[in-house]
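Report on the following structure.
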Amino acid sequence: MKNNNALDEIKKGVTEIISEEGLNKKLALKRPLRVKYGIDPTTANIHIGHMVPVKKMRQMQNMGHIGVVIIGDYTAQIGDPTGLDRSRPSLTKEQVINNAAEYMSQLYTVLDKRKTEVHWQSEWFEKMEIANLIKLLGKFTVAQIMTHETFRMRYEKGQPLSIHELLYPIFQAYDSVMVKADIELGATEQKFNILLGREMQRKYSQEPQAAILFPILIGTDGINKMSKSLNNYIAVYDSPKEKYGKIMSIRDDLIMNYFELATDISVAKLDEIKSALANSKKNPMDVKKHLAREILKTFHDEKEIKEAEEYFMKVCSRRERPEETEELQINSGKIWIVKLLIDTKMAKTSGEARRLIRGGGVCIDGNKVVDETLDIQIKKEFLLKAGKRKFVKIKPNILAR
RNA sequence: GGGGAGAUUCCCAAGCGGCCAAAGGGAUCAGACUGUAAAUCUGACGGCGAUGCCUUCGGAGGUUCGAAUCCUCCUCUCCCCA
């Protein structure tokens, strides 16, 4: 009975469990289970998509289980083949160590440190001899590995596929053996790798781990999964304002995907929101604001959230200027508008500056700038606006010259 | 070892001697509209104080009045045969 409660709790927000029966058996053991989640220290910049399984790990820690985080310093050298990533630039050892440290500090915003074990793949791979590597690789056939969809697709499409990439799933699977994982967490795209871990454990006479798979969090572009390389992510390190804005910019039909995966809201509440959206009882914008508040909760306090919300409403909704504007001193005298935009970093090139002006995106004290050859007399303070969100207060610097 | 196909601007992808700063799509940015930095529509999208000039089509040379387009060599990728 108790197990069933635990199982229901675990199943929340999960796409698939393989196998539920196996998981139940493990839960019945009444010992802390070892819940594995692997990270690639290729980047220190993690996003809320990474946090989906991590939240689950925390939930299980609360039930008394142990979170086992694997730092994939060897798989990082390969680069996850899932999702058509091409080979990445190899990182130095220092970079990997730094990334891992930063990564972990972000994970600890959610995880219970006392119930977390951290392991590096180098603990077992660094000293592995070629003879043993050969033995390990001999456990699987090429055909088995090629059933991985991304490998097959790339191969069939005639895209490059290096041999070392085929090792990725095998390494990940071997990690499960080394840490004696009871459970492995991952997004559904990790299914192949995690299942291979089960196979591997069997070959080493271990009880196979249960796979807990999560839906994929769609990125802010509304099409692809959230990922760093596609630049459609909301980073843990983003400021509250940035997070808030990015959440508001997602397509309305993504709202539920985010609610389900990135917040801790109860199932009952979720249904409520879903139906309110479906029969348009609520303004999607308000639902989205709610969503933004919920997501920010994990990372920021009430005050920061409030500030982010107020900023958004003021600057984006009502098109007013923000309270605090960056101030810049510019030498008094005459300056060409295009030059000014570049100097103030509102535009990177003169072409971009001209485009902004032609598009009608540049305002001085609320007056639209139409002429791109305009020279400005800098003698008193004024507000320069480029686009919707960029403001700068220009102050003449009289001391110079 | 032999034979074939390919590398194009942030990404995908057309172009195959002048009309090419290079189609189209995506991303991005701006504008309009709006309850939203949603959706939709419009425009821009190599650099330059700019109806012109400069630098780009894997790299290095060459042919030509003229090359992303043709030739030679090189680098990388894919396919077929051995």
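Fair warning: this is a prediction, and the values are worked out from it, not measured in the lab. Basis for what follows: all heavy atoms, side chains included, without hydrogens, waters or symmetry-related copies.
- Taking the C1' atoms as reference points, B:C76 lies 29 Å from B:U64, given to the whole Å.
- Looking only at atom types and distance, the side chain of A:T188 has no donor-acceptor partner in the side chain of A:E16 under 3.5 Å away.
- As a whole-Å value, the separation of A:R154 CZ from B:C79 C1' is 17 Å.
- Side-chain atoms of A:D286 and base atoms of B:U36 include no donor and acceptor less than 3.5 Å apart.
- Distance check on atom P: B:A21 versus B:U55 gives 13 Å, rounded to whole Å.
- Comparing B:A37, B:C79, B:G49 by their nearest atom to the side chain of A:F312 picks out B:A37.
- Only the P atoms considered, B:A23 is 16 Å distant from B:C57, to the nearest whole Å.
- Residue-level contact check: A:K348 touches neither bases nor backbone, having no heavy atom under 4.0 Å from any strand.
- If you check B:A30 for Watson-Crick or wobble pairing at under 3.5 angstrom, you find it paired to B:U42.
- If you measure from atom OH of A:Y258 to atom P of B:A37, you get 17 Å, rounded to the nearest angstrom.
- B:A67 sits 14 Å from B:G17 when the P atoms are compared, rounded to a whole Å.
- Annotation: B:A5 and B:U72 have their P atoms spaced 13 Å apart (nearest Å).
- Residue A:R355 has its side chain nearest to B:G47 when only B:G49, B:G47, B:A38 are considered.
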Begin from the C-alpha positions of A:T75 and A:Q172 and carry the test side-chain hydrogen bond (donor to acceptor under 3.5 Å, both in side chains) through to its verdict. CA-CA 7 Å; A:T75 41; A:Q172 185 174 335; over 6 Å; no
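- Under 4.0 Å is where a charged nitrogen must lie from a carboxylate oxygen, and between A:R202 and A:E199 at least one such pair does.
- Each of B:U36, B:A32, B:G49 was ranked by its minimum atom distance to the side chain of A:K368; first place goes to B:A32.
- Distances shorter than 4.0 Å separate some side-chain N or O of A:T349 from OP1 or OP2 on B:G47.
- For the ring pair (Phe, Tyr, Trp, His ring centres under 6.0 Å) with A:Y74, the qualifying choice from A:W120, A:Y174, A:F125, A:Y168 is A:F125, the only one to do so.
- One atom, CD of A:E352, and another, P of B:A30, lie 9 Å apart when rounded to the nearest Å.
- Using a 4.0 Å heavy-atom criterion, one finds that A:G387 contacts the sugar-phosphate atoms exclusively.
- For the C1' atoms, the distance linking B:C11 with B:A7 amounts to 15 Å, nearest Å.
- Of all nucleotides present, none satisfies the Watson-Crick or G-U wobble test against B:U64 with each distance under 3.5 Å.
- When each of A:P160 and A:E372 is assigned the nucleotide of RNA chain B bearing its nearest heavy atom, the one mapping closer to the 5' terminus is A:E372.
- Candidate nucleotides B:C79, B:C48, B:G49 were compared by shortest atom distance to the side chain of A:D375, and B:G49 ranks first.
- Rounded to whole Å, atom P of B:A38 lies 13 Å from atom CD1 of A:I234.
- Among the atoms of the strands shown, none is found under 4.0 Å from any heavy atom of A:I247.
- Using modelled atom types and a 3.5 Å distance limit, the side chains of A:H290 and A:K282 yield no donor-acceptor pair.
- The CG atom of A:L185 sits 14.0 Å away from atom NZ of A:K55, with the distance rounded to the nearest 0.5 Å.
- Heavy atoms of A:K388 sit under 4.0 angstrom from primed sugar atoms or phosphate atoms, though from no base atom.
- Within the shown strands, nothing qualifies as a pairing partner of B:C20 under the Watson-Crick or G-U definition with both distances less than 3.5 Å.
- For the pairing with A:M57, the side chain to side chain contact (heavy atoms under 4.5 Å, CB included) check across A:V68, A:V110, A:I212, A:V69 returns one residue only, A:V69.
- Across all strands shown, the partner of B:A5 is B:U77, judged by Watson-Crick or G-U wobble contacts whose two distances both fall under 3.5 Å.
- Toward the 5′ end of RNA chain B lies the nearest nucleotide of A:N283, the other residue of the pair A:V338 and A:N283 mapping further downstream.
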Identify all pairs in which a protein N or O lies below 3.5 Å from an N or O of nucleotides 55-59 of chain B, and state each distance.
none

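- A cation-pi arrangement is absent between A:K289 and A:F312 under the rule of less than 6.0 angstrom and at most 45 degrees off the ring axis.
- Rounded to whole angstrom, the span from the CD atom of A:Q159 across to the P atom of B:G6 amounts to 17 Å.
- Between B:G47 and B:U63, the distance separating the two P atoms is 33 Å to the nearest Å.
- Partner assigned to B:U55 is none, using Watson-Crick or G-U wobble distances below 3.5 angstrom.
- Between the side chain of A:R389 and the base of B:A37, at least one donor-acceptor pair of N or O atoms lies under 3.5 Å.
- Here, B:A13 and B:G59 have their C1' atoms 23 Å apart, quoted to the whole Å.
- Side-chain contact annotation: A:Q190 with A:N193, donor-acceptor N/O pair under 3.5 Å present.
- Whole-Å rounding puts the A:M346 CE to B:A30 P distance at 11 Å.
- Nearest nucleotide to the A:S350 side chain, out of B:A38, B:G49, B:A32: B:G49.
- For the side chain to side chain contact (heavy atoms under 4.5 Å, CB included) with A:Q209, the lone residue among A:K180, A:Q201, A:R34 that qualifies is A:Q201.
- Residue-to-nucleotide contacts include a donor-acceptor pair under 3.5 Å from the side chain of A:R354 to the base of B:A50.
- Here the P atom of nucleotide B:A38 and the NZ atom of A:K246 are 14 Å apart, to the nearest Å.
- Backbone-only contact: A:Y155 has heavy atoms under 4.0 Å from sugar-phosphate atoms and none from a base.
- Applying the side chain to side chain contact (heavy atoms under 4.5 Å, CB included) criterion to A:K246, with sequence neighbours excluded, gives A:T220, A:I234, A:D238.
- Closest approach to the A:L356 side chain among B:C29, B:G47, B:A39 is made by B:C29 (side chain taken as heavy atoms from C-beta onward).
- Distance A:K241 NZ to B:A37 C1': 15 Å, rounded to the nearest Å.
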